[in-house]
Amino acid sequence: TLPATASEAEVVALVRELAGRKDVHGILTQFPLPKHIREDAVLAEIPIGKDVDGFNPINMGLLGLKGKRAPFAPCTPQGCVELLVRTGVQIAGKRAVVLGRSAIVGLPVGLMLLARDATVTYCHSKTPNLAAVTREADILIAAIGKARFVTADMVKPGAVVIDVGINRISDPTRKSGSRLVGDVDFDAVAPLASAITPVPGGVGPMTIAMLLRNTLEAAERL
């Protein structure tokens, strides 16, 4: 843990020191960083064999190369794919629509589904006729950070829906005055979907599980 006033050089130096230690098996950086520190500069210093978060530019790039395997895939996208695989959802030949194109979730999860022979479409804020596109999805992954954005009219009956969003909304019935919801209007979409993940308790625990698996694999490789 470093103070917010730490310089980029200090952060990079620490990552380099950890990278060279044999007793350190995995490294991840907690984001966001202070504005004066470039995230890419820090990520580039994490060796791909210890990059358990999967955000080193080389690991990210390998996701998009056919026939190549990144040492570690980002944990949340990996968790999404693991959910599909473990529950027996067919991916090959299916239409997958990804709402969101962030480097953390949207972009890599689409590449991972493409590698498993899904036909992948990315949607974002500039996509016209969005609901018409999402209604074609056999697998719909929502990762845009907008509370209950995906409504029933945007989902094809029988679709598998994975909700990556974590949004806090006001709820006077709760002691805290708020509660967490996803990017999907769960109550409205659940009757239509063949499977759907809840928020909280869906993708979140899978993210942690994949981070632990990546760390174990990193330790076994050293």
Side-chain angles (χ1 to χ4, degrees), residues 28-32 39 52-55 59-60 63-64 70 72-87 89 91 94-116 118-127 130-131 133-156 158-169 178-190 192-214:
L28 66 85
T29 303
Q30 189 68 51
F31 294 120
E39 293 183 356
V52 291
D53 231 3
F55 291 151
N59 269 331
M60 291 288 287
L63 289 177
F72 298 111
C75 301
T76 298
Q78 191 179 158
C80 294
V81 174
E82 190 77 7
L83 280 168
L84 296 171
V85 172
R86 292 291 189 101
T87 54
V89 174
I91 299 175
K94 296 299 182 179
R95 179 75 180 274
V97 173
V98 180
L99 279 174
R101 51 181 172 176
S102 75
I104 295 175
V105 180
L107 183 60
V109 77
L111 292 172
M112 294 173 72
L113 292 171
L114 185 63
R116 291 178 176 270
T119 299
V120 179
T121 299
Y122 288 98
C123 293
H124 45 78
S125 60
K126 301 296 189 292
T127 301
L130 179 63
V133 179
T134 58
R135 279 195 298 269
E136 296 179 358
D138 302 303
I139 300 169
L140 178 61
I141 298 181
I144 55 174
K146 292 186 177 182
R148 296 185 290 200
F149 179 85
V150 178
T151 52
D153 65 314
M154 299 173 67
V155 179
K156 179 172 73 173
V160 174
V161 180
I162 295 184
D163 190 350
V164 184
I166 299 178
N167 312 282
R168 189 169 293 279
I169 64 170
S178 65
R179 63 187 174 94
L180 294 178
V181 298
D183 289 347
V184 177
D185 186 346
F186 185 91
D187 292 339
V189 172
L192 284 172
S194 62
I196 185 171
T197 60
V199 176
V203 174
M206 292 300 298
T207 298
I208 303 302
M210 297 301 99
L211 176 61
L212 292 172
R213 183 168 75 180
N214 283 353

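The figures here come from the full heavy-atom set of this structure, side chains too, leaving out hydrogens, waters and symmetry mates.
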Scan [range] for pairs that pass salt bridge (Lys or Arg N to Asp or Glu O under 4.0 Å), counting only residues two or more places apart or in two chains.
{"range": "residues 95-113", "value": "Arg95-Glu136"}
{"range": "residues 197-214", "value": "Glu82-Arg213"}
{"range": "residues 139-149", "value": "none"}

side-chain hydrogen bond (donor to acceptor under 3.5 Å, both in side chains) against [X], all qualifying residues, sequence neighbours excluded:
{"X": "Asp183", "value": "Asn167"}
{"X": "Lys156", "value": "Asp138"}
{"X": "Thr29", "value": "none"}
{"X": "Ser102", "value": "none"}

- prompt: Can you name the salt bridge (charged side-chain N to carboxylate O under 4.0 Å, His left out) partners of Arg179, sequence neighbours left out?
  reply: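 Result, salt bridge (charged side-chain N to carboxylate O under 4.0 Å, His left out) vs Arg179: Asp171.
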message: Working to the nearest 0.5 angstrom, can you tell me the gap between Leu211 CG and Cys75 SG?
response: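 Interatomic distance, Leu211 CG to Cys75 SG, rounded to 0.5 Å: 4.5 Å.
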- prompt: In Å, rounded to the nearest 0.5 Å, how long is the span from CD1 of Ile162 to CD1 of Ile141?
  reply: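 So the CD1 of Ile162 and the CD1 of Ile141 are separated by 4.5 Å.
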Return the set of residues passing side-chain contact (heavy atoms from CB on, under 4.5 Å) with [X] (not counting sequence neighbours), or none when no residue passes.
{"X": "Met112", "value": "Leu63, Ala73, Pro77, Gln78, Val81"}
{"X": "Val98", "value": "Val109, Val120, Tyr122"}
{"X": "Ile196", "value": "Val161, Val184, Phe186, Val189, Ala190, Ala193"}
{"X": "Ala143", "value": "Val105, Val164"}

